[in-house]
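Positions are given from 1, in the same order as the sequence printed here.
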Amino acid sequence: MHNTAAMLIELGAIILALGLLGRLAGRMGFSPIPLYLLAGLAFGHGGLLPLQASEEFTATGAEIGVILLLLLLGLEYSASELVTNLKTQYPSGAADFVLNAVPGALAALLLGWGPVAAVALAGVTWISSSGVIAKVLGDLRRLGNRETPVVLGVLVIEDLAMAVYLPILTALLAGVSLAGGTVTLLISLSTVGAVLYVALRHGRLISRAVSSDSAEMLLLVVLGLTLLIAGLAQELQVSAAVGAFLVGIALSGEVAEGAGNLLMPLRDLFAAVFFVFFGLSTDPADIPPVLVPALLLAVVTALTKIATGWYAARRAGIHGAGRWRAGGTLVARGEFSIVIAGLAVAVEPRIGPLATAYVLILVVVGPLTARYTEPLARRLTRRSTARTQAAPVEAERAEPVPADA
């Protein structure tokens, strides 16, 4: 009885603190993710007041948070949208991967963490935060801008790539052999392809089977189906998160919209618990030794993300300011970087503190680059143009006058 009371007190305190931190972040105009991470650091192992009674429940809630994050993400896209984006945006997706995954992989190798940690850190630096970016676009009133579909297209490619990347990472972390890893990858690719095919051909039938006039029944069926598929995917070493993402893709129309509205409050609650749990499992004393690498990696990958957005907008025929706005908007990292790091800490514990510091930096810097990259680029361009125009004049003035003139 005492343990139950302690657990309820701790859970109540955690959820209340999350609500207050979220309200504070909203008033300050930035994502609450860094505050959630800091709260976890403060009350985790090595923190100010470690929580113990609710640790097991919080761990389970964190797993559900990851599943709901990916489910809601899948509900935002139809199978046809994913296929269309894949056909038109794959060069931008390839550039995104090379420019942003390679720095993370090289950093892990330079730190001596080994090839498996290199694959994990590549994912941490590669994937932008869809949640933070969507909020920034809304706050800056850019949802109707010409470059916004380009930004969303890059995010869609990243989200779809996660369905392939996560099973590979899971197999590597589990120490599966080359043959076993190949089988896992084939299962993952076959599953993704099958779900896309069924969703394209028979999406209405699936949605009709799940649909219900009762909000309660719709919530129970979609949530139960998602947890079931996520568990089966985890058993096949395909990743529970990928299973949840595929369930979201398979649903469309009014069912997807209705399920999204019902599940969004649950997603927000358990996602917040996930970020807190990641902070709880990270010792604050482990962060200072990796702070300099995290800062250097944040600077490099902020610049490479800006280059990614600029290139993607250029391919779409967008000029000048729109290219820089697209680049600055893509800088923020968040939920997926933490998900990937959370999977990898069992193999390389140091990746947790590094990812925490890295995300804390870029989740704060991201909204700033979205707002100021384009004005800064315009100002620098004007100065460069002014200097170029002034150079011939100065040269003409400095030219010697002939003696017989």
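When the options N145, T373, T369 are evaluated for a side chain to side chain contact (heavy atoms under 4.5 Å, CB included) with R325, the one that passes is N145.
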### Task
Output, in order, the C-alpha distance, side-chain angles, deciding distance and verdict of side-chain hydrogen bond (donor to acceptor under 3.5 Å, both in side chains) for T304 and N100.
CA-CA 6 Å; T304 53; N100 298 286; 2.7 Å; yes
### Task
Kindly indicate, with the supporting measurements, whether the criterion side-chain contact (heavy atoms from CB on, under 4.5 Å) is fulfilled by L266 and L219.
CA-CA 11 Å; L266 281 177; L219 175 63; 4.3 Å; yes
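Looking at heavy atoms from C-beta onward, R350 lies out of side-chain contact with D286 at the 4.5 angstrom threshold. Looking only at side-chain heavy atoms (C-beta outward), S92 and R315 come within less than 4.5 Å of each other. Taking 4.5 Å as the limit, every side-chain heavy atom of L330 sits out of range of all side-chain heavy atoms of I306. Here the side chains of S128 and V154 are not in contact, with every heavy-atom distance at 4.5 Å or above. Here the side chains of V119 and Y165 are in contact, with some heavy-atom distance below 4.5 Å. The side-chain heavy atoms of L223 and L68, taken from C-beta on, include a pair separated by under 4.5 Å.
Taking all atoms of both residues into account, the shortest heavy-atom contact from A355 to I338 is O-CD1, 4.3 Å.
The residues R333 and E158 are annotated as not salt-bridged, no charged nitrogen and carboxylate oxygen being separated by less than 4.0 angstrom.
T148 contributes a side-chain N or O that, together with a main-chain N or O of R142, makes up a donor-acceptor pair within less than 3.5 Å.
Heavy-atom contacts from other residues, nucleotides or ligands closer than 6.0 Å to CZ of R378 number more than 12.
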